[in-house]
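Letters A, B, ... are given to chains in the order of the sequence lines, protein chains preceding strands, and every chain is numbered from 1. Given the structure is predicted, the values throughout are model-derived calculations rather than measurements.
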There are 2 protein chains.
Amino acid sequence: MVPVKKTDRSQSGATIYDVARVAGVSAMTVSRVMNRNTYVSETTRDKVTAAAASLNYQVNTAARAARVGTLGVGLLYSNPSSAYMSAFLVGAMERCSQSGGQLILERCDDMRSQRNAIARLIANGADGILVPPPLCDSKSALKQLDQIGMPTVAIATGRPLAGVSAVRIDDYAGAMAMMQYLLSLGHKDIAFVQGDPLHTPAQLRYQAYLDAMAQAGLSVAPERVAPGLFTYRSGLNAARQLLGNKSRPTAIFAANDDMAAAVIAVAHGLHLQVPQDLVVCGFDDTPVATAVWPELTTVHQPIGDMARAAVDMLIEQIRRRRAGETAPVQHQLLPFTLITRESSDPAAAPDLLTG
Amino acid sequence: MVPVKKTDRSQSGATIYDVARVAGVSAMTVSRVMNRNTYVSETTRDKVTAAAASLNYQVNTAARAARVGTLGVGLLYSNPSSAYMSAFLVGAMERCSQSGGQLILERCDDMRSQRNAIARLIANGADGILVPPPLCDSKSALKQLDQIGMPTVAIATGRPLAGVSAVRIDDYAGAMAMMQYLLSLGHKDIAFVQGDPLHTPAQLRYQAYLDAMAQAGLSVAPERVAPGLFTYRSGLNAARQLLGNKSRPTAIFAANDDMAAAVIAVAHGLHLQVPQDLVVCGFDDTPVATAVWPELTTVHQPIGDMARAAVDMLIEQIRRRRAGETAPVQHQLLPFTLITRESSDPAAAPDLLTG
DNA sequence: CTGAAAGCGCTTACAG
DNA sequence: CTGAAAGCGCTTACAG
């Protein structure tokens, strides 16, 4: 009986050595190709790529992390209970585990506590930082990160800084698409609920509303615009203001879904049927959009995709920085989609009390 | 100029060798202590523990993973848009990154697709599986996992199986606490919105409602109980049913927050003020509880803590299994908290339309 | 542009 | 119960 030597391997698939053997090069060269290192001839690169593909080779991110140190992807988040943040977290998490990044979370609600939160994130091993809204619009946070040379990606900011990488949608165009839709439905008296004025996407959405009205030759009375802060609560106040007068708009476009949901609640309280008596639209297409009744017409923002893109960009930046290269600033614009549902469709929706 | 040899280290803190030196033992022994391996004398274990503490040593999970293979923590989830799932995900993710586990997600809404989802999870490298609601109540899923010897932890099931580890709260006691509170407020005519009948916590919450009423000597008319499915939508139907008659209850206890939020919406549609005309309570304390107006009195379920506990239990099981030991089945019960807010407090809440 | 050697921090598989 | 040796899969730091 020849004793079978138990294998010491920790991985089932192909390793870098298998690829090297098949490609007829050294493991080092395979490593270079996998890390997109530039010092490899095109011929060699092609051979390695082909070998890797034929073996279905996947880099062992754990082994890489053991050697290189963990890739700490810091996330400066606020408002963990919002649907927006949840969608973002899931996307970021998913991509991090694929790419071998380790997500490090630090909550930061308060603009004043920013500095501390950034310091804690770095102390906990962050090699780069993801900045989702609303912090993405804080110039002081972004400057602080830039000064210490920390790779950074801002997410969903309306006005990306020239020196900071960003992933976003075109909020202006998204709101404009919604307005064109409402106008095409024949609405002429459209009211607007503003978002947090400090948040640049809120500004752009509002500007698109104003421009669309002007381009259609319609005037906007001051009482047709109500301030909001993106919260359900602020939406209630705005709705009371917009629906409290004798003269009412035929449609209300809220700068996000939470506030649109609040508009529906107040409208129902006034015995107005949505959409028969009042059309209501939101923005973002977060889960509330389909949780409320009737379901909301809104602009879909691909939050998960944005999170994944941001993680990719950040990890690339960290790699480059470690390799001593200067990482280029990247700005990525993802597509939005106008989603029409019951809240704007006069033919569709039944009554709240009877179903 | 003596050239300074650049260090090759990937870690800033102490390593296993530092601890070994300080403790006067081999690195191997330190490794044994860190992995809670039993074959270490108490004296040695104490020396190592002290040395590790003095150096503030943390196991390098990346290096461990490189050697041992990644610890794949599978998560069979459904309904990613629900607030419950988001809170669970954040907790699980946080703990996984601390413990060196890699979270592997697989969606599974449909009971029929279970088998496939489990197979995919394993194909993607899961070494153990976390089963949150509603799948935690699927005996077939749990049995399938048991048969293939896969470490499993069920979360928030009302009736944990003897052979499967579980983390949960006492749903019966939680609902009972809510009922005692409502009874102490003087309510005698309390209605109930049931949760998904296939979900064991829904059954327990309902049973507590019935028992509390009986113990208080109050009868429950059939029209005071409405079926629901835990969704906002089903809560609207239930509320219409409960509030449609001339005779109305003074309080409605819904088996979760989403349905309680729907009850409030319908009540407002009927010009009933909450809590003045009707008290409304929920269960779980998910974000909707504080997003709606008035804010919901509810039972807090520590979802994040439950996720963290479940991850710890699962990782421990996987480790034991790899070490060839049999992992004991563990059942952990976490505490709930009754949270009283405006929706049950007659003194607190103002009117929907005037704020 | 490419490779041989050494090492990351940890654990497996022995041997005592 | 404890340790010396070898190895996990990958990358750093050289050298050519």
Side-chain angles (χ1 to χ4, degrees), chain A residues 3-21 23-48 52 55 57-71 99-100 125 318-320 322-324, chain B residues 3-21 23-48 52 55 57-71 99-100 318-319 322-324:
Chain A
V4 179
K5 162 113 169 60
K6 286 192 198 149
T7 176
D8 212 27
R9 301 192 64 188
S10 70
Q11 181 170 309
S12 45
T15 73
I16 205 170
Y17 295 101
D18 299 325
V19 178
R21 192 164 15 81
V25 299
S26 73
M28 192 54 240
T29 298
V30 177
S31 173
R32 283 198 182 92
V33 173
M34 291 307 149
N35 290 289
R36 293 192 203 109
N37 190 308
T38 37
Y39 304 114
V40 184
S41 75
E42 201 143 346
T43 336
T44 310
R45 178 181 302 276
D46 290 347
K47 274 192 297 186
V48 171
L55 291 169
Y57 171 71
Q58 299 275 84
V59 176
N60 179 328
T61 52
R64 174 187 278 167
R67 187 63 254 247
V68 153
T70 309
L71 263 166
S99 315
I318 297 172
R319 289 249 167 77
R320 295 257 187 152
R322 284 189 180 172
Chain B
V4 178
K5 163 107 168 62
K6 285 190 198 150
T7 175
D8 213 27
R9 301 191 64 187
S10 71
Q11 180 168 309
S12 46
T15 72
I16 205 171
Y17 295 102
D18 301 325
V19 177
R21 192 167 13 82
V25 299
S26 73
M28 192 54 241
T29 297
V30 177
S31 173
R32 284 200 183 89
V33 173
M34 291 305 149
N35 290 288
R36 291 189 205 111
N37 189 308
T38 36
Y39 303 114
V40 183
S41 75
E42 201 144 346
T43 336
T44 311
R45 179 181 301 277
D46 291 347
K47 273 192 297 185
V48 171
L55 292 170
Y57 172 71
Q58 299 275 83
V59 175
N60 180 329
T61 53
R64 174 185 279 167
R67 187 65 254 248
V68 151
T70 309
L71 262 167
S99 315
I318 297 172
R319 288 248 167 76
R322 284 192 179 170

Between CZ of Arg64(A) and P of dC10(D) the distance, given in whole Å, is 9 Å
To the nearest angstrom, the CD1-C1' distance between Ile16(B) and dA4(D) comes to 14 Å
Separation of dC10(C) atom P from Arg319(B) atom CZ, nearest Å, is 13 Å
Heavy-atom closest pair (Val33(B) atom, Val40(B) atom, distance to 0.1 Å) is CG2-CG1, 4.0 Å
Nearest heavy-atom approach of Ser26(B) to Ala20(B) is C-CB, 3.7 Å
Closest to the side chain of Arg32(A), out of dC10(D), dC10(C), dT2(C), is dT2(C)
When rounded to whole Å, the CE to P distance for the pair Met28(A) and dC1(C) reads 14 Å
Ranking Val30(A) and Gly24(B) by the position along DNA chain D of their nearest nucleotide, the one closer to 5' is Gly24(B)
Closest to the 5' end of DNA chain C, once Ala27(B) and Tyr17(A) are matched to their nearest nucleotides, is Tyr17(A)
Side-chain atoms of Val59(B) come closest, of dC10(C), dG3(D), dT2(C), to dC10(C)
Rounded to whole Å, CD of Glu42(B) lies from P of dC1(D) at a distance of 10 Å
- Query: Do the side-chain N or O atoms of Thr29(B) get closer than 4.0 angstrom to the phosphate oxygens (OP1, OP2) of dT2(D)?
  - Reply: no
Assign each of Thr61(B) and Ser41(A) the nucleotide of DNA chain C bearing its closest heavy atom; nearer the 5' end lies the nucleotide of Ser41(A)
When rounded to whole Å, the CZ to P distance for the pair Arg67(A) and dT11(D) reads 10 Å
Non-hydrogen side-chain atoms of Val48(A) and Arg32(A) separated by less than 4.5 Å: no
Atom CG of Leu55(B) and atom C1' of dG9(C) are separated, to the nearest Å, by 15 Å
Heavy-atom side-chain proximity of Leu71(A) to Arg319(A) below 4.5 angstrom: yes
CD (Glu42(A)) and NZ (Lys47(A)) are apart, to the nearest 0.5 Å, by 13.0 Å
Scanning both residues in full, the closest heavy-atom pair of Ile16(B) with Ala27(B) reads CD1-O, 3.6 Å
Taken to the nearest whole Å, CZ/Arg45(A) to P/dT2(C) is 9 Å
Looking only at dC1(D), dT2(C), dC10(D), the nucleotide nearest the Thr44(A) side chain is dT2(C)
For DNA chain C, the expected dot-bracket line (Watson-Crick or G-U under 3.5 Å, [ ] crossing, | inter-strand) is |||.||||||||.|||
Q. Does Thr15(A) offer a backbone N or O that forms a donor-acceptor pair with the side chain of Asp18(A) under 3.5 Å?
A. yes
